[in-house]
Amino acid sequence: MNARRTDLTQARTPRGFADRGAAELAATRAMADRIRETYELWGFEEVETPFFEYTDALGKFLPDQDRPNAGVFSLQDDDEQWMSLRYDLTAPLARHVAENFQKLAKPYRSYRFGPVFRNEKPGPGRFRQFLQFDADIVGAPSVSADAEMCMMMADALEAVGVKRGDYVIKVNNRKILDGVMEAIGLGGEENAGRRLTVLRAIDKLDRLGPDGVRALLGDGRKDESGDFTKGAGLDEAGAARVLSILEAKRSTNAETAEALAAEFAATPVGAKGATELKAIADLLAAAGYDGRVSVDPSVVRGLEYYTGPVYEAELTFQIAGDDGKPIQFGSVGGGGRYDGLVGRFMAENTPATGFSIGVSRLQAALRALKGETAEASTGPVVVLAFDRDRIGDSMALAARLRAAGIKAEAYLGGSGMKAQMKYADRRKSPCVVIQGSDERDKGEVTLKDLVEGAKAAAAIADRAEWTESRPAQVTVPEARLVEEVQAILARHR
RNA sequence: GCCGCCAUAGCUCAGUUGGUUAGAGCGCUAGAUUGUGGAUCUAGAGGUCCCUGGUUCGAGCCCAGGUGGUGGUACCA
């Protein structure tokens, strides 16, 4: 009967994708509910966009227009138009706003939650499908909107259980860096690539340190594996000037903003950036968010499209990993102002700012913080099946429990009683209902409390006593089924 | 993308210089126990030794290419 079959299909998830079980889904749902409550409290409304967008709507931010599958998952519709799975929630929002511009009250405050897809190499804790939770304000040009975004991000983190002090929202302004780059001769369209290289170099500060960043700003850097990363090609003075931004951090937001204003107001754009940061610092102070939101010149974000304030949510607690070394969780979300994004779809330019929370990443961090306390949720009461032809009786008993609001199921498998008990055990069933012919003849049911029973069993060593004692088990009139089961459930609440 | 390491049962792994029918522990299924979770004992099921090709009388083991995983690095909208 076991002839070797060679036609079996291999059961496997695609690389970088994962199935998620009940415990993890429950944790995700709980977290999403907290975030949702926070956003609604701030007056944001939910909107959902499809997983697919036309590739051109996702935009010029694709790494290579000629290869639509690089970075994103793309396919051609039957009319030959390219469509792509969304890689974030911001580009689809920009499209939605442009498409419904007349209908939306501006400033438009909205949030959305869902999976996004990236076609790149997966790593540990890094998947090709993951969840984001975004909030954006479209149509508010002032930095008060950016300040509000930072505050709401802080509220959201606290709502999901990150304690004050265990996180920090860092905020900076792109314009300061733009000013510096302009001053050292990196202005203009022709230097866009080098400006991006500078941004990416600064983004690596926490990992590579000042010397590593300096190398990336100059000629380039060779890492331990021998791979060479080309640098931005700045001269020594230029690199020093860029790095000096990072030293402007002071102990309070007001002082940092002032230091930046004093140092980097040489160009009009730099001055504007400093003024904006000062305004944000004032708003944060007035709202009581000092300390939770911190003005930090090292935040740049790797994205090209940000035009003003940028911010990043960082978890600051450390816990030891399996190898004893501390794990740094780092960034769990970020965002910024993208005044040009909606403008790709319509002549009217529309300012916008928003941020994204990496739900999967945040969830992983919280799980590590709290330990694997995914407390086993209680399963259903299981009504055992005695005679195959009396399954209707089991189902009727289960139905009575359900009518009383108790999770219950009749055992539908084909195994014997011992296996059925094991099944109930594995389902984390609090209690089983047994009705064989003995009970049925007398109009009774036997209930076994599995939680109590497990405790009693621990003390019993030999088989005879085990079978004899039948711990935590009662036989009651069938009419009292619901009350007695409720009593058992109440014991373990 | 680049560099390194790894791939044998559901899981963790052993497997001699290249030599007969590839093993262990755990897990799973069942029996001992006419109707009871645990413990104990016993039995059973479960394998394309990642794939393809090569060397050889003979390959789980050696060689080449591929695939997948993993650790760095790059990218991360």
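Heavy atoms only: backbone and side chains are in, while hydrogens, waters and symmetry mates are out. Here is how names work: the chains are called A, B, and so on, in the same order as the sequence lines, proteins then strands, and each is numbered from 1.
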Rounding to an integer number of angstrom, what distance separates B:rG23 and B:rG47 when you compare their C1' atoms?
11 Å
Whole-angstrom distance between B:rG72 and B:rC26, as gauged at atom C1'
33 Å
Return the nearest nucleotide to the side chain of A:Lys121; candidates are B:rC75, B:rG1, B:rG38.
B:rG1
Find the distance A:Asp387:CG to B:rG35:C1' and express it as a whole number of Å.
11 Å
Counting only heavy atoms and a strict 4.0 angstrom limit, can you tell me which residues of residues 437-450 of chain A come near RNA chain B?
A:Ser437, A:Asp438, A:Glu439, A:Lys448, A:Asp449, A:Leu450
Check whether any side-chain N or O of A:Lys418 sits under 4.0 Å from OP1 or OP2 of B:rG37, and answer yes or no.
yes
Taking atom P in both B:rG71 and B:rC51, compute the distance separating them and give it to the nearest angstrom.
24 Å
Round to the nearest Å and state the distance from A:Glu465 atom CD to B:rU36 atom P.
16 Å
Euclidean distance for C1', B:rA24 against B:rA9 (whole angstrom):
11 Å
Closest approach to the side chain of A:Ala419, judged atom by atom: which nucleotide of B:rG37, B:rA30, B:rA74 is it?
B:rA30
Considering residues at least two apart in sequence or located in another chain, which fulfil the side-chain hydrogen bond (donor to acceptor under 3.5 Å, both in side chains) criterion with A:Glu465?
none
May I ask you to say whether A:Arg440 pairs ionically with A:Asp387, meaning some side-chain N is under 4.0 Å from a carboxylate O?
yes
Can a salt bridge be assigned to the pair A:Glu312 and A:Arg301 using a cut-off of 4.0 Å between side-chain N and carboxylate O?
yes
In terms of ring plane angle, is the pair A:Phe73 and A:Phe117 parallel, tilted or perpendicular, where the classes change at 30° and 60°?
perpendicular
Of the nucleotides B:rC75, B:rA30, B:rU73, which has the atom closest to the A:Ser415 side chain?
B:rA30
Rounded distance in Å - CZ (A:Arg426) to C1' (B:rC28):
8 Å
Apply the side-chain hydrogen bond (donor to acceptor under 3.5 Å, both in side chains) test between A:Arg112 and each candidate in A:Asp134, A:Thr90, A:Asp136; give the one that qualifies.
A:Asp136
Can you name the residues that form a salt bridge (Lys or Arg N to Asp or Glu O under 4.0 Å) with A:Lys442, not counting sequence neighbours?
none
Counting any heavy atom closer than 4.0 Å, what does A:Gln473 reach on the DNA or RNA strands: base, sugar-phosphate only, or nothing?
base
For RNA chain B, which consecutive runs of 3 or more Watson-Crick or G-U pairs (each distance under 3.5 Å) count as stems?
B:1-7 with B:67-73, B:10-13 with B:23-26, B:28-32 with B:40-44, B:50-54 with B:62-66
If we count only N and O atoms by modelled type, under 3.5 Å, do the side chains of A:Arg20 and A:Thr28 hold a donor and an acceptor together?
yes
Indicate, with a heavy-atom threshold strictly under 4.0 Å, whether A:Arg15 touches base, sugar-phosphate, or nothing.
sugar-phosphate
Determine the Euclidean distance between corresponding P atoms of B:rA14 and B:rG53; express it in Å to zero decimal places.
28 Å
Checking A:Arg390 now: which residues fulfil salt bridge (Lys or Arg N to Asp or Glu O under 4.0 Å) with it, not counting sequence neighbours?
A:Asp393
When the ring planes of A:Phe44 and A:Tyr39 are compared, do they come out parallel, tilted or perpendicular, using 30° and 60° as the limits?
tilted
Please report the distance, rounded to the nearest Å, between CG in A:Leu196 and C1' in B:rA74.
14 Å
C1' atom, B:rU36 versus B:rU21: distance in rounded Å?
41 Å
Charged N to carboxylate O below 4.0 Å: is that the case for A:Glu276 and A:Lys175?
yes
Heavy atoms only, 4.0 Å cut-off, all strands: where does A:Lys204 land among base, sugar-phosphate and nothing?
sugar-phosphate
Whole angstrom value for the distance that separates P of B:rA74 from CZ of A:Arg126:
12 Å
If the P atom of B:rC28 is compared with that of B:rG65, how far apart are they to the nearest Å?
43 Å
For A:Glu182, which residues count as a salt bridge (Lys or Arg N to Asp or Glu O under 4.0 Å) partner, sequence neighbours excluded?
none
Taken to the nearest whole Å, CZ/A:Phe386 to P/B:rU36 is 8 Å
Please report the distance, rounded to the nearest Å, between CG in A:Asp203 and P in B:rA74.
11 Å
B:rG37 OP1/OP2 closer than 4.0 Å to side-chain N/O of A:Arg470:
no
Mind calculating the distance between NZ (A:Lys422) and C1' (B:rU33) to the nearest angstrom?
14 Å
Would you say B:rU33 has OP1 or OP2 under 4.0 Å from some side-chain N or O of A:Trp466?
no
Distance check, P atoms only: B:rU8 and B:rC62, in whole angstrom units.
14 Å
Of the nucleotides B:rU36, B:rA30, B:rC2, which one has an atom closest to the side chain of A:Ile434?
B:rU36
Using a heavy-atom cut-off of 4.0 Å across all strands, would you classify A:Tyr423 as base, sugar-phosphate, or nothing?
nothing
Which comes earlier along RNA chain B counting from the 5' end, the contact point of A:Gly416 or that of A:Ala472, where each point is its nearest nucleotide?
A:Gly416
If you measure only the distance, is there a donor-acceptor pair under 3.5 Å linking the side chains of A:Ser298 and A:Asp296?
yes
